[in-house]
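This report concerns only the one structure given below.
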Amino acid sequence: MKKITKLFEPVTIGAWNLKTRTAMAPMTRSFADNETGVVNDLAVEYYRKRAQDGIGLIITEGVVISPRAKGNPGVPGIYTQEQINGWKKVTEAVHGEGGTIIAQIWHVGRASHHEIAGGPPQAPSPIAAEGKVSRFGKPFDIPEEMTETDIAEVVNQYKQAAKNAMDAGFDGVEIHGAHGYLIDQFNSDTSNKRADRYGGDLKQRLTFMKEVLKAVIDTVGVERTLIRFSALKIDQPSYMWEDPETAIQTFIEAFNETGVKMIHPSTMEFAKPIARGLTMHELVRSHWDGIIVGVGGLDPETAEAALEKGTIDVAAIGRPLIANPDYLARIKHEEKLVDYEAKKHLGQLI
């Protein structure tokens with residue numbers, strides 16, 4: 001087996017000097033207090049261990065920007081002082097290990113239920129998501145269509161969440177614009193049927209995403225802003241754009257318009273070609289010369305090859321990092337990784 005070396009290189013992206021070309025992918029863990037949205041000491045240790053292992057960029061689990069942004073029990077927030085104080089313990093622990101950590105700011109939109117969101121979920125159009133709420137079991141509610149006033153308010157909540165993240169000691173933020181959550185609901189033709197300036201063709205549907213990006217960049221700076229986007233959605237896992245290349249070009253035009261420099265294209269299958277025999281990340285790279293964080297079931301060899309080729313700049317690891325807090329140490333010493341098992345690993349923070 002070829003020795004893994006590129007993965008262990010230090011790299012500077014934006015304002016972040018990373019120890020290695022690795023990221024901890026954002027993964028919902030639901031260990032915060034369900035009433036207050038405050039993270040506990042288990043979460044502090046959980047993130048600290050990954051920083052100690054040498055993970056370059058830790059991206060937190062999705063952190064909701066308001067009570068109505070919440071879609072699962074036990075997810076953390078970043079809209080109260082108590083929540084900010086809880087996160088301070090996490091950022092201090094990560095920085096104590098020489099790590100870099102950013103908050104993934106999140107609004108689930110229609111992917112919720114009134115009992116969780118404290119009112120009807122918000123969405124671009126009053127169309128329910130397909131399926132049931134994860135970790136809750138009830139079908140997704142029919143959401144309330146957002147007015148332009150609602151939209152302006154939510155853009156402001158993203159802006160405030162970004163400011164709060166900096167107050168909590170984070171090194172920046174990732175905007176969750178993927179996976180069928182609120183921003184992606186505006187981006188998608190299946191959930192956005194609006195006739196105003198937030199609806200229409202794909203270019204026009206990206207208006208909300210651009211407004212959020214501009215508000216966040218205005219608050220924390222372009223060097224501290226990352227955005228995640230995808231075709232796949234939690235309620236439509238096999239969804240793919242009709243013309244993937246044109247869609248990716250349209251997204252990149254929108255990113256260029258906002259000035260964002262760092263993007264995180266998300267797929268479940270990193271090596272799967274989606275157009276012209278190219279994978280999602282290869283397609284993105286053919287149109288984008290900025291920073292790309294790659295994700296999608298990456299193993300060390302696939303990540304190493306993509307980094308060497310320059311398809312991606314940083315490799316994000318998800319489930320293997322839940323099961324292996326010492327992931328990089330194991331790879332370096334050529335030790336076997338613990339296999340991720342949902343039943344075993346989802347119920348605890350190790």
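No donor-acceptor pair closer than 3.5 Å links the side chain of Thr267 to the backbone N or O of Phe270. Between the side chain of Thr100 and the backbone N or O of Leu18 there is no donor-acceptor pair closer than 3.5 Å. In this structure, Asp243 contributes its side chain and Thr246 its backbone to a donor-acceptor pair below 3.5 Å. Between the side chain of Thr258 and the backbone N or O of Lys210 there is no donor-acceptor pair closer than 3.5 Å. Without hydrogens or angle criteria, Ser125 side chain to Ile127 main chain gives no donor-acceptor distance under 3.5 Å. Side-chain N or O atoms of Asp235 include none that pairs as donor or acceptor with a backbone N or O of Ala129 at under 3.5 Å. No donor-acceptor distance shorter than 3.5 angstrom exists from the side chain of Asn324 to the backbone of Asp326, with no hydrogens or angles considered. Under a 3.5 Å cut-off, the side chain of Asp33 and the backbone N or O of Thr36 do form a donor-acceptor pair. Side chain of Ser266 to backbone of Phe229: no donor-acceptor contact under 3.5 angstrom is found. Formation of a donor-acceptor pair under 3.5 Å by the Asn192 side chain with backbone atoms of Ser188 is not found in this model.
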Practice problem: Could you check Lys309 against Glu282 for salt bridge (Lys or Arg N to Asp or Glu O under 4.0 Å), going step by step and ending with a plain yes or no? | Solution: CA-CA 10 Å; Lys309 194 177 163 190; Glu282 286 169 342; 2.7 Å; yes

*asked:* Between His264 and Ile227, is the side chain to side chain contact (heavy atoms under 4.5 Å, CB included) condition met? List the steps.
replied: CA-CA 6 Å; His264 186 177; Ile227 182 158; over 6 Å; no

- Taking it one step at a time, do Arg276 and Glu245 satisfy salt bridge (Lys or Arg N to Asp or Glu O under 4.0 Å)? CA-CA 9 Å; Arg276 280 201 291 127; Glu245 183 146 28; 2.7 Å; yes

- prompt: What do the steps show when you test Thr22 against Leu57 for side chain to side chain contact (heavy atoms under 4.5 Å, CB included), and what is the final call?
  reply: CA-CA 6 Å; Thr22 58; Leu57 179 67; over 6 Å; no

### Message
For Val212 and Ile105: C-alpha separation, side-chain torsions, deciding distance, then whether side chain to side chain contact (heavy atoms under 4.5 Å, CB included) applies.
### Response
CA-CA 11 Å; Val212 172; Ile105 52 177; 6.0 Å; no

- prompt: Can Lys6 and Glu304 be said to form a salt bridge (Lys or Arg N to Asp or Glu O under 4.0 Å), step by step?
  reply: CA-CA 6 Å; Lys6 193 80 176 170; Glu304 181 81 357; over 6 Å; no

Begin from the C-alpha positions of Tyr47 and Ile58 and carry the test side chain to side chain contact (heavy atoms under 4.5 Å, CB included) through to its verdict.
CA-CA 8 Å; Tyr47 289 111; Ile58 292 172; 3.6 Å; yes

Q.
Would Lys163 and Asp167 count as a salt bridge (Lys or Arg N to Asp or Glu O under 4.0 Å) here? Give the steps.
A. CA-CA 6 Å; Lys163 182 184 180 301; Asp167 290 348; 3.2 Å; yes

Glu9 and Thr20: side chain to side chain donor-acceptor pair (under 3.5 Å), yes or no, with the steps?
CA-CA 5 Å; Glu9 274 184 7; Thr20 58; over 6 Å; no

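The minimum heavy-atom distance between Ser191 and Pro124, with the atom names listed, is O-CG, 3.6 Å. The two residues Val216 and Ala162 come nearest to each other via the heavy atoms CG1-CB, 4.0 Å. Between Ile78 and Asn164, the shortest heavy-atom distance links the atoms O-ND2, 2.9 Å. Looking at every heavy atom in both residues, Arg29 comes nearest to Glu61 through N-OE1, 3.4 Å. Annotation for His113 and Pro139: closest pair CD2-O, 3.4 Å, computed over non-hydrogen atoms. Shown here for Leu213 and Val260, the closest heavy-atom pair between the two residues is CD2-CG2, 3.8 Å.
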Only pairs under 3.5 Å count here: list side-chain donor-acceptor contacts from residues 143-153, not counting sequence neighbours, and write none if there are none.
from, atom 1, to, atom 2, distance (Å)
Glu144, OE1, Arg68, NH2, 3.2
Thr147, OG1, Thr149, N, 3.3
Thr147, OG1, Asp150, N, 3.0
Thr147, OG1, Asp150, OD2, 3.1
Asp150, OD2, Thr147, N, 2.9

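The CD1 atom of Ile217 lies 5.0 Å from the OG1 atom of Thr225; values are rounded to the nearest 0.5 Å. Interatomic distance, CD1 of Ile175 versus CD1 of Ile263, reported as 12.5 Å (0.5 Å rounding). Here NE2 of His107 is found 9.0 Å from CD of Gln185. Values are rounded to the nearest 0.5 Å. Here Asp339 contributes atom CG and Lys344 contributes atom NZ; the two are 9.0 Å apart, rounded to the nearest 0.5 Å. Atom NE2 of His345 is separated from atom CD1 of Ile350 by 4.5 Å, given to the nearest 0.5 angstrom. Here CD of Glu242 is found 8.0 Å from CG of Asp189. Values are rounded to the nearest 0.5 Å.
Lys203 has no carboxylate O lying under 4.0 Å from a charged side-chain N of Asp201, or vice versa, which leaves the two without a salt bridge.
Clustering of Ile, Leu, Val, Met, Phe, Trp and Tyr by side-chain heavy atoms under 4.5 Å joins Tyr79 with Val64, Val75, Trp106, Val108, Ile116, Val133, Phe136, Phe140, Tyr181, Ile234.
Gln249 meets the side-chain hydrogen bond (donor to acceptor under 3.5 Å, both in side chains) test with no other residue; sequence neighbours excluded. Partners of Lys261 according to the salt bridge (Lys or Arg N to Asp or Glu O under 4.0 Å) rule, which considers only residues two or more places apart in sequence or in another chain, do not exist here. For Thr207, the side chain to side chain contact (heavy atoms under 4.5 Å, CB included) partners are Arg197, Tyr198, Gln204, Glu211, not counting sequence neighbours. Remark: Ile291 engages Ile13, Met262, Asp313 in a side chain to side chain contact (heavy atoms under 4.5 Å, CB included) (not counting sequence neighbours).
Taken together through direct or relayed side-chain contacts under 4.5 Å among Ile, Leu, Val, Met, Phe, Trp and Tyr, Val314 and Val295 form parts of separate hydrophobic clusters. Hydrophobic clustering (side-chain heavy atoms under 4.5 Å, transitive across Ile, Leu, Val, Met, Phe, Trp, Tyr) keeps Val338 apart from Leu328. There is a path of hydrophobic side-chain contacts, each under 4.5 Å, that joins Val284 to Leu202. Placement of Tyr327 and Ile4 within a single hydrophobic cluster is found when ILVMFWY residues are connected by side-chain heavy-atom separations under 4.5 Å, directly or transitively. In the hydrophobic clustering of ILVMFWY residues, with side-chain heavy atoms under 4.5 Å counting as a link, Ile59 and Leu349 come out apart.
Side-chain atoms of Thr12 and Asn17 include a donor-acceptor pair closer than 3.5 Å. Using modelled atom types, one finds no donor on one side chain facing an acceptor on the other under 3.5 Å when comparing Asn156 with Gln160.
In this pair, Phe255 and Phe251 present their aromatic rings tilted. The plane angle is within the 30 to 60° band.
The local environment of CG in Leu346 is crowded, with over 12 non-hydrogen atoms from other residues, nucleotides or ligands closer than 6.0 Å.
Here the options are Arg228, Arg205, Lys233, Arg110, the test is salt bridge (charged side-chain N to carboxylate O under 4.0 Å, His left out), and the partner is Asp184; only Lys233 passes.
Two residues are said to be in side-chain contact when any heavy atoms from C-beta on lie closer than 4.5 Å; Phe8 and Arg21 fail this criterion.
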